[in-house]
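What follows is one structure encoded as structure tokens, with my remarks underneath.
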Amino acid sequence: MSTKKRARAAAPHLLDQVDAPPAPPCTLVIFGASGDLTHRLLLPALYNLARAGSLDPGFRVIGVARRPMTDEQFREDLTSSLKERFAESGGEFDAKDDHVGVEAGKWAFLRERIHYLSADLGDPNAYTDLANLIASLDAAGAKKRKGDGDGHPTVTGNVIFYLAVAASLFDPTIQHLASSQLLKQSKNGWRRLIIEKPFGHDLASAKALDKTILKVLREDQVFRIDHFLGKETVQNIMVLRFANGFFEPLWNRQHIDHVQITASETVGVEGRGSFYDATGALRDMVPNHMFQLLAMCAMEAPNSFSADAVRSEKAKVVQAIRALPLREAAADTVRGRYLAGSVQGKRVKDYRDEKDVARDSDTETYVAMKLMIDNWRWADVPFYVRTGKALATRRTEIAIRFKQVPYALFREVLKQRPEVTLPSNELILHVQPEEGVSTNFQAKVPGQQMAISGVKMNFRYADYFQAEPNTGYETLIYDCMTGDATLFQRADNIEGGWAAVQPILDAWQKGYGAMVDYKAGSDGPAAADELLIRDGRRWRDLG
Ligand code: BG6
């Protein structure tokens, strides 16, 4: 029995995921093929696409990295890596069923379509080698197909270049691709570029990178990744808001008191010290991932679900985030750094003792901030955002806190128990690790006396839908192959994000906003609590 059938038999009440038809044939060139991203996310995502039948027989991968390797060695390396990933329980591929494993036939389909090129990306000859390899694989595919009829159909000239390399290599690689004519589209095929984060280091560098890119590519050829957009629950925010009648009328300053957006991580810097120490929590998470959550939650309804309509609405709302003068920017933000502690029973070093982190580092591993969105819908509704590493709990969520009801009707009931106040209603969009939506409201406690108590309603994805192993990159790679840019960042989305955090970066750089410490394994610095307390509010408990 196939894994899918087995899973279905075990949970017949669940709804199946809808598999997409195969995307058009193309060659996916991955720069940075020996790296962590390729092994941890891209390869499993490609395998999942193969498993779901979403890859055309004319699909092909060329991995490019410096290390000398043959095609066969590369395939072997990927085979063991894939098996390891799928064996990990609780990882990205743990679909909470015992049916997940590497299916030999599906992997063979992908494996034989994988090739390798050893190259130094700074060397112009590498690009000639790449062009030759693409052409020779095309020719071999065409010949095989003609000869025995059961070879791979020839790929068209469709090529995706995936930059899974250090950000310092983005600019030179794009320039080399352009000068070796590899970005030139023809009637025989399109050329597309996927570019990973970090997209720039601040507003000026993001603009400079966009300038380089848009000199040699059209905007519709560029796919700037923010992997949060590949998360089902993030995409679901649009469906929740715009495919249901009862949320949207309440979704505004009339009814909403404030919004809390949280991405709390238990991981520390995990061997990425040199990247992280030069980046920090603000740059790493806020203008990109946190603003995706904010934009999905705060944007106006687009006219359609076309890529440009959705991205225009997202750009508008991010551009409406109020830019604050230096002093206020610092007063409305908290920057923290973790000290040694213990996270879920595991000892964690002081951030400054982590490998590749400077002893005198001034980099934050936690940031909390209050943002105001200056538009008609959100005027005076604060959006509180917090994210940090080495915290007690792993949780990403958006909490919408509604305004309190007038107390008049229950004044007498509450008078008898002065310690009780009527809490406001909350709608929580759970992004990870639980995926779902929950809400709380007040109900009468059964009995002769009128007493009120908070209760909860909970929707969990897992209760309704058959979970397929998913890294989030499946959708993004598939969408790039089909040319759908809805879930990718347009230049103005990226620049809007940087523009909104630039005043904070400037304030910190000028010495405003002192660093505060928090213990690894805690909920973050006390100053983050103060940020809300001074407004008469408090963060949601993450425990
Ligand atoms: C990455 C950041 O972009 O996103 C990491 O560089 C962070 O520091 C990660 O841990 C969070 O993504 P996820 O999908 O694990 O929540």
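Reckoned from all heavy atoms, side chains included, excluding hydrogens, waters and symmetry mates. As the structure lists them, so they are numbered: ligands from 1, and atoms in each ligand from 1.
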Practice item. Answer yes or no: is there an ion pair linking Lys349 with Glu354, defined by an N-O contact shorter than 4.0 Å? Key: no
Review point. Can Arg337 and Glu364 be counted as an ion pair, charged N to O under 4.0 angstrom?
Key: no
Point to revise | Carboxylate-amine/guanidinium proximity below 4.0 Å for Arg490 and Asp308 | key: yes
Review point. Any salt bridge between Arg401 and Asp257, counting N to O under 4.0 Å?
Key: no
Could you pull out every N or O of ligand 1 that sits under 3.5 Å from a protein N or O, with the distance for each pair?
{"unit_1": "ligand 1", "atom_1": "3 (O)", "unit_2": "Lys197", "atom_2": "NZ", "d": "2.8"}
{"unit_1": "ligand 1", "atom_1": "3 (O)", "unit_2": "His289", "atom_2": "NE2", "d": "2.7"}
{"unit_1": "ligand 1", "atom_1": "4 (O)", "unit_2": "His289", "atom_2": "NE2", "d": "3.3"}
{"unit_1": "ligand 1", "atom_1": "6 (O)", "unit_2": "Lys197", "atom_2": "NZ", "d": "3.1"}
{"unit_1": "ligand 1", "atom_1": "6 (O)", "unit_2": "Arg272", "atom_2": "NH1", "d": "3.2"}
{"unit_1": "ligand 1", "atom_1": "6 (O)", "unit_2": "Arg272", "atom_2": "NH2", "d": "3.3"}
{"unit_1": "ligand 1", "atom_1": "6 (O)", "unit_2": "Asp284", "atom_2": "OD1", "d": "2.6"}
{"unit_1": "ligand 1", "atom_1": "6 (O)", "unit_2": "Asp284", "atom_2": "OD2", "d": "3.3"}
{"unit_1": "ligand 1", "atom_1": "8 (O)", "unit_2": "Arg272", "atom_2": "NH2", "d": "2.5"}
{"unit_1": "ligand 1", "atom_1": "8 (O)", "unit_2": "Asp284", "atom_2": "OD2", "d": "2.6"}
{"unit_1": "ligand 1", "atom_1": "8 (O)", "unit_2": "Lys389", "atom_2": "NZ", "d": "2.8"}
{"unit_1": "ligand 1", "atom_1": "10 (O)", "unit_2": "Glu265", "atom_2": "OE1", "d": "3.3"}
{"unit_1": "ligand 1", "atom_1": "10 (O)", "unit_2": "Glu265", "atom_2": "OE2", "d": "2.5"}
{"unit_1": "ligand 1", "atom_1": "10 (O)", "unit_2": "Lys389", "atom_2": "NZ", "d": "3.0"}
{"unit_1": "ligand 1", "atom_1": "12 (O)", "unit_2": "His227", "atom_2": "NE2", "d": "3.0"}
{"unit_1": "ligand 1", "atom_1": "14 (O)", "unit_2": "His227", "atom_2": "NE2", "d": "2.8"}
{"unit_1": "ligand 1", "atom_1": "14 (O)", "unit_2": "Lys231", "atom_2": "NZ", "d": "2.5"}
{"unit_1": "ligand 1", "atom_1": "16 (O)", "unit_2": "Gln432", "atom_2": "NE2", "d": "2.6"}

Check your understanding: Does the distance from a Lys or Arg side-chain N to an Asp or Glu carboxylate O, for Asp210 and Arg224, drop under 4.0 Å?
Key -> yes
Check your understanding: Quick one: do Lys389 and Glu270 make a salt bridge, cutoff under 4.0 Å?
Key -> no
